[in-house]
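Sequential numbering from 1 along the given sequence is applied to the chain's residues. All values reported here derive from a predicted model rather than from experimental measurement. Excluded from the calculations below are hydrogen atoms, water molecules and symmetry mates; all remaining heavy atoms, backbone and side chain alike, are included.
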Amino acid sequence: MDQFTSDSLSPVQLAAMRRSLSNGRSAIGRRSLLRAGGGGALALGGLGTLAGCGIPPAARSEGDGGSEDFSDKEKRVNFSNWTQYIDVAENDKTRRPTLEAFTKRTGIKVEYAEDVNDNNEFFGKIKPQLAAGQDTGRDLICVTDWLAARLIRFGWAQKLDVANLPHAYANLAPQFREVEWDPGRAYTYPWAGIAVVVAYNIKATGGREVTSVSQLLDDPKLKGRVGLLSEMRDTMGMTMLDMGKDPAKFTTDDFDAAAARLQKAVDKRQIRRFTGNDYTSDLTKGDLAACLAWAGDIVQLQADNPDVRFHIPDSGYITGTDVLLVPNKARHKENAERLIDHYYQPEIAAELAAWINYVCPVDGVKEELAKISEEAANDPLIVPDKEMSEKSNSFRALSPKEETAYEAKFAKLTGA
């Protein structure tokens with residue numbers, strides 16, 4: 001049988017996915033690693049539909065992804081999200097206050113499922129229905145930006161009706177407004193930003209600050225105690241920024257130059273290992289003196305260990321996003337849009353941000369967040385200040401051919 005040729009996963013990409021599951025953000029339940037509960041291992045059976053005899057993609061055709069909207073008749077919305085990625089009540093972990101507030105205000109019941117454990121696995125779940133022009137059973141999904149770009153490219157996402165998104169349209173933070181893969185935010189709105197920063201243990205460095213990727217790769221006093229991320233876009237993007245290249249516009253030559261620089265650091269044993277969420281334990285203990293890290297983790301680590309510090313390099317940092325998207329043939333599109341808009345009210349956004357600790361994409365959230373936690377409101381890793389916002393950079397969208405080639409080069413570099 002023919003494989004899913006338009007965007008199939010090559011053996012290299014599958015290896016990258018498995019690397020992510022064992023070492024990357026998916027490794028221990030991608031969201032809020034330090035919170036109790038919540039796994040998130042990949043159901044490997046999903047690989048069959050993704051990389052084996054898959055269903056060819058439907059032909060792209062703008063505007064035909066809709067169907068009859070039952071929002072007026074059926075006051076419900078089916079929402080699929082990552083594990084541990086929404087606020088819960090302190091005294092009852094089965095309750096989700098911001099969802100309850102939505103139902104109370106609108107009368108719309110939310111069927112909430114924590115069934116997004118890995119982007120590729122989730123794509124494998126919904127691909128057969130989308131390719132066949134069928135309802136996935138989900139009205140709203142939260143996926144990472146690169147997967148959202150793929151769904152839009154295939155014509156498998158529905159354009160959003162701005163009339164149902166007054167708060168989202170008005171309150172989306174400037175740094176999230178324009179992305180090349182979804183001009184004008186026609187199909188998606190961010191749920192949270194994922195910032196990559198330089199982190200270090202001040203005790204392990206002997207009181208020295210670590211402020212750049214150059215320091216991570218070249219400082220002999222850090223030799224053998226540096227961690228880089230196993231996520232290709234994050235590590236390569238940060239390295240290119242350090243070399244003065246724009247990750248939103250880079251060429252293959254730029255990518256290769258960055259890979260060569262990293263290879264030099266690998267060869268001289270500057271880098272202890274390429275890691276995922278498990279860097280948190282090594283950084284806390286001081287086994288890693290410094291590393292690239294995800295901002296949400298650092299916020300949580302600092303609550304228990306004041307020796308953990310971070311720095312935003314002068315060269316900038318990489319920001320990814322998890323976004324909300326309405327898939328084709330969704331039965332309750334308007335209800336889904338109203339739920340998106342709900343989370344762009346600053347008081348609701350503040351409740352969510354205070355719990356998940358990732359970058360909040362809602363402008364004007366700081367005042368509301370301060371009512372919950374002054375510390376969180378003043379943390380630029382949750383509410384970026386002007387300086388941090390100006391240093392934000394995105395990794396450009398890749399074609400399937402580029403993704404295969406770049407993942408192969410990165411896998412060779414990391415020894416995966």
Using a 4.5 Å cut-off on heavy atoms from C-beta on, say whether the side chain of [Y] contacts that of [X].
X: Lys366; Y: Asn378; answer: yes
X: Arg153; Y: Pro400; answer: yes
X: Arg150; Y: Glu403; answer: yes
X: Met238; Y: Asp234; answer: no
X: Glu351; Y: Glu347; answer: no
X: Tyr187; Y: Leu151; answer: no
X: Ile312; Y: Glu387; answer: no
X: Arg396; Y: Leu398; answer: yes

Once you round to the nearest 0.5 Å, how far does [atom1] of [X] lie from [atom2] of [Y]?
X: Arg309; Y: Leu301; atom1: CZ; atom2: CG; value: 13.5 Å
X: Thr205; Y: Tyr200; atom1: OG1; atom2: OH; value: 7.0 Å
X: Leu165; Y: Leu339; atom1: CG; atom2: CG; value: 10.5 Å
X: Gln263; Y: Thr414; atom1: CD; atom2: OG1; value: 9.5 Å
X: Ser230; Y: Asp278; atom1: OG; atom2: CG; value: 8.0 Å
X: Ile202; Y: Asp307; atom1: CD1; atom2: CG; value: 8.0 Å

Can you pull the salt bridge (charged side-chain N to carboxylate O under 4.0 Å, His left out) pairs that have at least one residue in residues 279-291, sequence neighbours excluded? Arg273-Asp282, Lys285-Asp287

Here the salt bridge (charged side-chain N to carboxylate O under 4.0 Å, His left out) pairs for residues 178-195, sequence neighbours left out, are none

Considering all heavy atoms, the nearest [X]-[Y] contact:
X: Asp341; Y: Pro166; result: OD1-N, 3.2 Å
X: Pro313; Y: Val198; result: CG-CG2, 3.7 Å
X: Ala192; Y: Tyr85; result: CB-OH, 3.3 Å
X: Gln270; Y: Gln215; result: NE2-O, 4.0 Å
X: Ala336; Y: Val326; result: CB-CG2, 3.9 Å
X: Ser394; Y: Ile318; result: C-CD1, 4.5 Å

Tell me if a side-chain donor or acceptor on [X] pairs with a main-chain N or O of [Y] at a distance below 3.5 Å.
X: Asp69; Y: Glu334; answer: yes
X: Thr136; Y: Arg138; answer: yes
X: Glu368; Y: Ile348; answer: no
X: Thr235; Y: Leu229; answer: yes
X: His342; Y: Thr98; answer: yes
X: Arg177; Y: Leu172; answer: yes
X: Ser392; Y: Met388; answer: no
X: Asn201; Y: Leu283; answer: yes
X: Thr103; Y: Ile108; answer: yes
X: Lys75; Y: Thr106; answer: no

Just checking [X]: does its [atom1] atom have more than 12 heavy atoms from other residues, nucleotides or ligands closer to it than 6.0 angstrom?
X: Lys391; atom1: NZ; result: yes
X: Glu367; atom1: CD; result: no
X: Glu209; atom1: CD; result: no
X: Asp314; atom1: CG; result: no

My understanding is that only residues two or more places apart in sequence, or in another chain, count here; which of them pass salt bridge (Lys or Arg N to Asp or Glu O under 4.0 Å) with Asp135? none

Report the C-alpha distance between Cys142 and Val116 in whole Å, list the side-chain angles of each, state the deciding distance to 0.1 Å, and finish with yes or no for side chain to side chain contact (heavy atoms under 4.5 Å, CB included). CA-CA 8 Å; Cys142 182; Val116 185; 5.8 Å; no

Among side-chain atoms of [X] and [Y], is any donor-acceptor pair under 3.5 angstrom?
X: Thr144; Y: Asn119; value: yes
X: Thr251; Y: Asp254; value: yes
X: Tyr358; Y: Asp322; value: no

side-chain contact (heavy atoms from CB on, under 4.5 Å) partners of [X], counting only residues at least two apart:
X: Val299; answer: Asn357, Asp379, Leu381, Ile382
X: Lys264; answer: none
X: Asp145; answer: Trp181, Thr321

If the threshold is 4.0 Å, N to carboxylate O, is there a salt bridge linking Arg95 and Glu100? yes

Below 4.0 angstrom, N of the basic side chain to O of the carboxylate: do Asp218 and Arg261 qualify? yes

Arg96 NZ/CZ over Tyr112 ring centroid, <6.0 Å and within 45° of normal: no

Is there a ring pair (Phe, Tyr, Trp, His ring centres under 6.0 Å) between Tyr344 and Tyr169 once you walk through the steps? CA-CA 9 Å; Tyr344 274 80; Tyr169 184 81; over 10 Å; no

Fit a plane to each ring of Phe79 and Trp191, take the angle between them on a 0 to 90° scale, and name the class: parallel (under 30°), tilted (30 to 60°) or perpendicular (over 60°). perpendicular

Report the relative orientation of the aromatic rings in Tyr406 and Phe255; use parallel for angles under 30°, tilted for 30 to 60°, perpendicular for over 60°. parallel

Start with the C-alpha distance between Trp156 and Phe123, add both sets of side-chain angles, then the distance that settles side chain to side chain contact (heavy atoms under 4.5 Å, CB included), and finish with yes or no. CA-CA 11 Å; Trp156 290 350; Phe123 181 61; 3.8 Å; yes

Could you check Val266 against Phe274 for side chain to side chain contact (heavy atoms under 4.5 Å, CB included), going step by step and ending with a plain yes or no? CA-CA 10 Å; Val266 170; Phe274 289 83; 3.9 Å; yes

When you look at Phe176 and Tyr189, which way does the side chain to side chain contact (heavy atoms under 4.5 Å, CB included) test go after all the steps? CA-CA 9 Å; Phe176 293 98; Tyr189 271 86; over 6 Å; no

